[in-house]
**Q** 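So that we are looking at the same thing, I have put the structure below in structure tokens.
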Amino acid sequence: MPDEQPVSAARYRQLTAGACLLLILASLWGCARRGPRYDMSLPAKPKLIQEQEGIASWYGRDFHGKKTSSGEIYNMYDLTAAHKELPLGSRVLVTNLENGRQVEVVINDRGPFIRGRIIDLSYGAAKALDMVKQGTALVRLKLLAPPPGWEGKSRNGRYYGVQAGSFVERRNARKLY
């Protein structure tokens, strides 16, 4: 048996620190494998949802003054919201099912990205629904109108608009009118 050298105190501290680091990384890896808290996926194509129930949250100061998915600048006091699937520009009636309050919002952003939530309201909309303190609320969404120029049919087969013509010169449009 070869001669065993005693481990120095410095080397012992290095080995202990390394083992602790491995244990910490292993426990973090275990936590990470439980699944993401955030769901960053978006639908390939927006769709008109007539009604939907679920959890609403709100966002405010951290995003105030920044660009939304629609290209507008976010104003936390406006009555706007973020939704994953509704076309940008859709008008939606949001009802707080916990207190009956309602507010009409325009979808101008994408989100929410936290699993289990269906809409992220602006601070102004959340205040109108009296849900600022709680942070979340059970809500019902009802589509009031798709965005102007939305092409296609809803799920129930009704058309939301028909294009009667396309003109380069205004006088030709007036003739048709």
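Note that these values count all heavy atoms, side chains included, but never hydrogens, waters or copies made by symmetry.
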**Q** If you take all heavy atoms of Leu86 and Pro46, which pair is closest and at what distance?
**A**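 Minimum heavy-atom contact is C-CB, 4.3 Å.
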**Q** Can Ser69 and Asp109 be counted as having a side-chain donor-acceptor contact under 3.5 angstrom?
**A**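 Yes, side-chain donor-acceptor contact under 3.5 Å.
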**Q** Looking at every non-hydrogen atom in both residues, tell me the closest pair between Met76 and Ser122 and how far apart they are.
**A** O-CB, 3.8 Å
**Q** Are the side chains of Glu53 and Leu141 in touch, meaning some heavy atoms are under 4.5 Å apart?
**A** no
**Q** Sort out for me which residue in Lys142, Arg140, His83 forms a side chain to side chain donor-acceptor pair (under 3.5 Å) with Gln52.
**A**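 Only match with Gln52 under side chain to side chain donor-acceptor pair (under 3.5 Å): His83.
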**Q** How long is the straight-line distance from OG of Ser70 back to CG of Leu88, given to the nearest 0.5 Å?
**A**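 Answer rounded to 0.5 Å: 6.0 Å.
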**Q** Can you tell me how far apart CG (Asp120) and CZ (Phe63) are? Round to the nearest 0.5 Å.
**A**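 So the CG of Asp120 and the CZ of Phe63 are separated by 8.0 Å.
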**Q** Glu51 versus Leu143: any side-chain heavy-atom pair under 4.5 Å?
**A**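 Side-chain contact under 4.5 Å: no.
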**Q** Is any side-chain heavy atom of Val139 closer than 4.5 Å to a side-chain heavy atom of Leu97?
**A**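 No, side chains not in contact.
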**Q** Residues two or more places apart in sequence or in another chain: which of them pass ring-ring contact (aromatic ring centres under 6.0 Å, His included) with Tyr74?
**A**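 Scan of Tyr74 (ring-ring contact (aromatic ring centres under 6.0 Å, His included), adjacent residues dropped) gives Tyr59.
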**Q** Nearest 0.5 angstrom please: Ser90 OG to Leu48 CG, how far?
**A** 6.0 Å
**Q** For the atom pair CD (Gln134) and CH2 (Trp58), what is the distance rounded to the nearest 0.5 Å?
**A** 10.5 Å
**Q** Over all heavy atoms of both residues, which pair between Thr95 and Gly100 is shortest? Give the atoms and the distance, please.
**A**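 Smallest interatomic distance, heavy atoms only, reads CG2-O, 4.3 Å.
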**Q** How long is the gap from NZ on Lys84 to NZ on Lys47, to the nearest 0.5 Å?
**A**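 If we round to the nearest 0.5 Å, Lys84:NZ and Lys47:NZ are 11.5 Å apart.
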**Q** Report yes or no: do Val103 and Leu138 belong to one cluster of Ile/Leu/Val/Met/Phe/Trp/Tyr joined by side chain heavy-atom distances under 4.5 Å?
**A**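 Hydrophobic grouping puts Val103 apart from Leu138.
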**Q** Would you please name every residue forming a salt bridge (Lys or Arg N to Asp or Glu O under 4.0 Å) with Arg91, sequence neighbours left out?
**A** Glu104
**Q** Any side-chain heavy atom of Asn75 sitting closer than 4.5 Å to one from Ile73?
**A**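 A side-chain contact is absent here, since even the closest heavy-atom pair is not under 4.5 Å.
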**Q** State, yes or no, whether a side-chain contact exists between Ile55 and Ile118 at a heavy-atom distance under 4.5 Å.
**A** no
**Q** I need the His64 NE2 to Asp78 CG distance, nearest 0.5 Å.
**A** 9.0 Å
**Q** Let me know which of Leu79, Leu129, Asn96, Thr80 forms a side-chain contact (heavy atoms from CB on, under 4.5 Å) with Leu121.
**A** Leu129
**Q** Of the non-hydrogen atoms in Pro112 and Ala82, which two are nearest, and what is the gap between them?
**A** CD-O, 4.0 Å
